[in-house]
Amino acid sequence: MNRPASSDPVVIIGAGLTGVSCALGLLEARIPVILLDDREYAGGQLSEIPSKIINFAGSHYRDGKEASFRLLEALNLAAQDAKRDKIALEYRRGVKVEKISLNKDKHNEKLDNFEFEVQTANTVLPCSTLVVATGYRENRLELVQGAEYLHYHGGLENEENRQQTAVVIGGGDSAFLHTLDIADLCSKVYLVARGEKLKARPDLVERLGKRTNVEMLKGLVPESIKMTATGQLLVTFLAKDEPGQKVHLPADRVFAKVGYKPNTEILHGLVDISPDGHVMVEPDFCLSQNGKRIENFYAGGDIVSGELARMAISVGHGMSIASAIIRKRFGFEY
Ligand SMILES: Cc1cc2nc3c(=O)[nH]c(=O)nc-3n(C[C@H](O)[C@H](O)[C@H](O)COP(=O)(O)OP(=O)(O)OC[C@H]3O[C@@H](n4cnc5c(N)ncnc54)[C@H](O)[C@@H]3O)c2cc1C
C-alpha cells in the first residue's frame with residue numbers, strides 16, 4: 001500500500017456491522033479510527049439474533065452469536081494489519097457516548113465547517129470527522145408490574161427441558177419471529193398481542209398459524225407478572241375491550257417483543273430527525289441541520305430513515321461512509 005497515512009482519526013460511535021464495516025474501509029485506506037461502543041463485545045444487535053441468518057450474502061450463519069464472533073475476528077485482523085502499517089485502530093469497549101457537541105471550526109470559519117466533541121462519562125474526545133452508527137434497541141415494557149421477570153431476547157432457561165411454557169408479548173414481526181424460534185423448544189407458547197389486528201408480516205402469521213403448540217391471543221394488555229409458590233410465573237392480562245375482564249397465563253419464561261427504536265437521542269437537537277426518531281441523511285450519508293449539510297458528520301445503519309434494518313444494508317452503509325470520507329480526504333476513490 002503506497003498511499004500516505006492520514007493522521008487525523010475518524011471517530012465512530014457504535015461497533016455493530018455499520019461501525020465495524022466503516023472502520024475496516026477506513027483502515028484499508030490508512031485512515032486511523034477510534035471506535036467507541038457501550039457494549040463489551042463487537043456486533044451490536046447480532047448477538048441477539050437467536051436463529052439462522054439466511055439473507056446475508058457474506059455468509060450463512062448458524063445464529064447471530066456466530067456472526068458477531070466472525071465480525072470481531074475481522075476487526076482484530078484489520079487491527080493487526082493496521083498496526084503493522086503504523087495506523088491505529090483504537091477500539092474502546094464499554095464506553096457510552098452521552099453527548100455530541102458541534103463547534104465552529106476555528107481554522108475554517110469561512111467554510112462553515114464544524115469540529116465535534118464526543119463526550120463520555122470520563123472524557124471529551126475532539127474530532128474533525130464523526131460517524132454515528134448506534135443502531136436499534138428494544139422497546140421496554142416498563143409499566144408492567146413484575147417487569148423484572150421479562151426477557152427481551154435469548155431462549156429458554158434450560159433448552160434440554162422441552163416441557164416448558166413461554167409467553168411472548170407483542171404482535172409485530174419480532175414477536176412472531178421469536179415465537180417461531182422458541183416454538184421448537186417449548187411444549188406450549190402463547191403469543192399475546194395488544195391489538196385486535198396483528199401487525200406482523202402475513203407470511204409470519206401464516207407460518208405461526210400452522211404450529212400446533214402456539215396459541216395466539218389478541219386484545220390483551222399485560223398488567224402483571226408474579227412468581228407463584230411453585231416457582232412458576234403467572235402473567236395477568238387485562239382484556240382491552242371488556243373492562244374488568246382478566247386472563248391469567250402460566251409460564252416458565254416471559255418474553256417482551258414490542259418492537260425496536262433507533263438510538264438517536266444523542267443526535268436530537270443537532271441534526272434533522274424524522275418523526276419516528278430516525279436520522280435523515282444526504283446521498284453520501286452526511287447529516288444535515290435544517291436541511292443544510294454538516295460536513296464530515298455521517299450516520300448509517302438501522303438509525304437511517306426509510307431503510308430496512310438488515311445486516312447487508314448496514315455493511316453497505318458502513319462501507320459507503322468510509323468511501324465518502326476517503327473521497328473527501330484524498331480527493332478520489334481508493
Ligand atoms: C432479533 C433480530 C433478528 C434479526 N435478524 C436479521 C436477519 O436474519 N437478517 C438481517 O439481515 N438482519 C437481521 N436483523 C437486523 C440486523 O441485525 C441489523 O440491521 C444490523 O445488525 C444493524 O447494525 P447497526 O450497526 O446499524 O446497529 P447495531 O447492531 O444496533 O449496533 C449499534 C451499536 O452501537 C452501540 N451504541 C448505541 N448507542 C451508543 C452510545 N450512545 N454510545 C456508544 N455505543 C452506542 C450499541 O450498543 C451497538 O453495539 C435482526 C435483528 C434482530 C434484533
Side-chain angles (χ1 to χ4, degrees), residues 12-26 35 37-39 41-75 131-139 152-154 170-181 198-208 257-264 267 273-287 298-324:
I12 303 176
I13 309 172
L17 267 177
T18 310
V20 171
S21 304
C22 184
L24 299 185
L26 293 170
L35 183 59
D37 197 287
D38 56 2
R39 304 190 196 210
Y41 47 85
Q45 289 169 69
L46 291 184
S47 65
E48 291 156 21
I49 304 179
S51 50
K52 277 191 275 185
I53 298 168
I54 52 171
N55 60 352
F56 183 57
S59 190
H60 187 151
Y61 295 114
R62 205 171 42 242
D63 57 23
K65 285 217 166 61
E66 186 187 359
S68 61
F69 181 71
R70 297 271 169 255
L71 190 75
L72 187 59
E73 265 183 355
L75 191 61
V131 180
V132 183
T134 44
Y136 272 176
R137 68 171 183 277
E138 301 102 337
N139 284 323
Y152 289 89
H153 33 82
D173 289 354
S174 58
F176 273 70
L177 284 165
H178 194 73
T179 305
L180 280 165
D181 280 330
L198 296 170
K199 287 184 282 175
R201 283 179 356 222
D203 61 305
L204 296 176
V205 178
E206 194 190 326
R207 269 169 70 194
L208 213 58
K257 291 300 227 180
V258 286
Y260 289 83
K261 64 174 157 202
N263 291 313
T264 49
L267 293 168
I273 302 219
S274 67
D276 63 0
H278 293 78
V279 293
M280 321 284 282
V281 291
E282 303 274 301
D284 66 348
F285 296 92
C286 219
L287 288 158
Y298 301 89
D302 283 4
I303 61 170
V304 169
S305 176
E307 294 282 14
L308 271 182
R310 291 288 180 275
M311 292 167 59
I313 291 178
S314 299
V315 171
H317 282 192
M319 215 24 120
S320 300
I321 294 170
S323 151

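The residues of the chain are indexed from 1 along the displayed sequence.
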*Please test D302 against Q45 for side chain to side chain contact (heavy atoms under 4.5 Å, CB included), starting from the C-alpha separation and ending with a verdict.*
CA-CA 10 Å; D302 283 4; Q45 289 169 69; 2.8 Å; yes
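- More than 12 heavy-atom neighbours from other residues, nucleotides or ligands sit within 6.0 angstrom of OH on Y260.
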_Between L198 and F176, is the side chain to side chain contact (heavy atoms under 4.5 Å, CB included) condition met? List the steps._
CA-CA 10 Å; L198 296 170; F176 273 70; 3.7 Å; yes
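- A donor atom on one side chain and an acceptor atom on the other are not found under 3.5 Å apart for H178 and Y152.
- Across L24 and A74, no two heavy atoms sit closer than the pair CD2-O, 4.0 Å.
- Rounded to the nearest 0.5 angstrom, E66 CD and L46 CG are separated by 11.5 Å.
- Using a 4.0 Å cut-off between a side-chain N of Lys or Arg and a carboxylate O of Asp or Glu, D63 and K65 do not qualify as a salt bridge.
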*What's the verdict on side chain to side chain contact (heavy atoms under 4.5 Å, CB included) for I54 and H60, showing C-alpha distance, side-chain angles and the deciding distance?*
CA-CA 5 Å; I54 52 171; H60 187 151; 3.2 Å; yes
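- The shortest non-hydrogen separation linking S320 to F285 is CB-CE1, 3.5 Å.
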*Take R137 and K261 through the side chain to side chain contact (heavy atoms under 4.5 Å, CB included) test and state the conclusion after the steps.*
CA-CA 6 Å; R137 68 171 183 277; K261 64 174 157 202; 3.3 Å; yes
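- Minimum heavy-atom separation, I53 to A67: CD1-CB, 4.2 Å.
- Using a distance-only test at 3.5 Å, with no hydrogens or angles considered, a donor-acceptor pair links the side chain of T179 to the main chain of A175.
- Here the straight-line distance linking atom OG of S305 with atom CG of D276 works out to 6.0 Å at 0.5 Å rounding.
- Formation of a donor-acceptor pair under 3.5 Å by the T134 side chain with backbone atoms of N263 is found in this model.
- Closest approach of L75 to V20, counting heavy atoms only: CD1-CG1, 3.9 Å.
- Between A299 and V279, the shortest heavy-atom distance links the atoms CB-CG2, 3.8 Å.
- Between the CG atom in L180 and the CZ atom in R207 there is a gap of 5.0 Å [rounded to 0.5 Å].
- Between S47 and R39, the shortest heavy-atom distance links the atoms OG-NH1, 4.2 Å.
- Less than 6.0 angstrom separates the ring centroid of Y136 from the ring centroid of H278.
- Going from atom CG of L71 over to atom OG of S21 covers 7.0 Å, rounded to the nearest 0.5 Å.
- Interatomic distance, CG of L208 versus CG of D203, reported as 11.0 Å (0.5 Å rounding).
- Remark: I321 CD1 to I12 CD1 distance equals 8.5 Å, nearest 0.5 Å.
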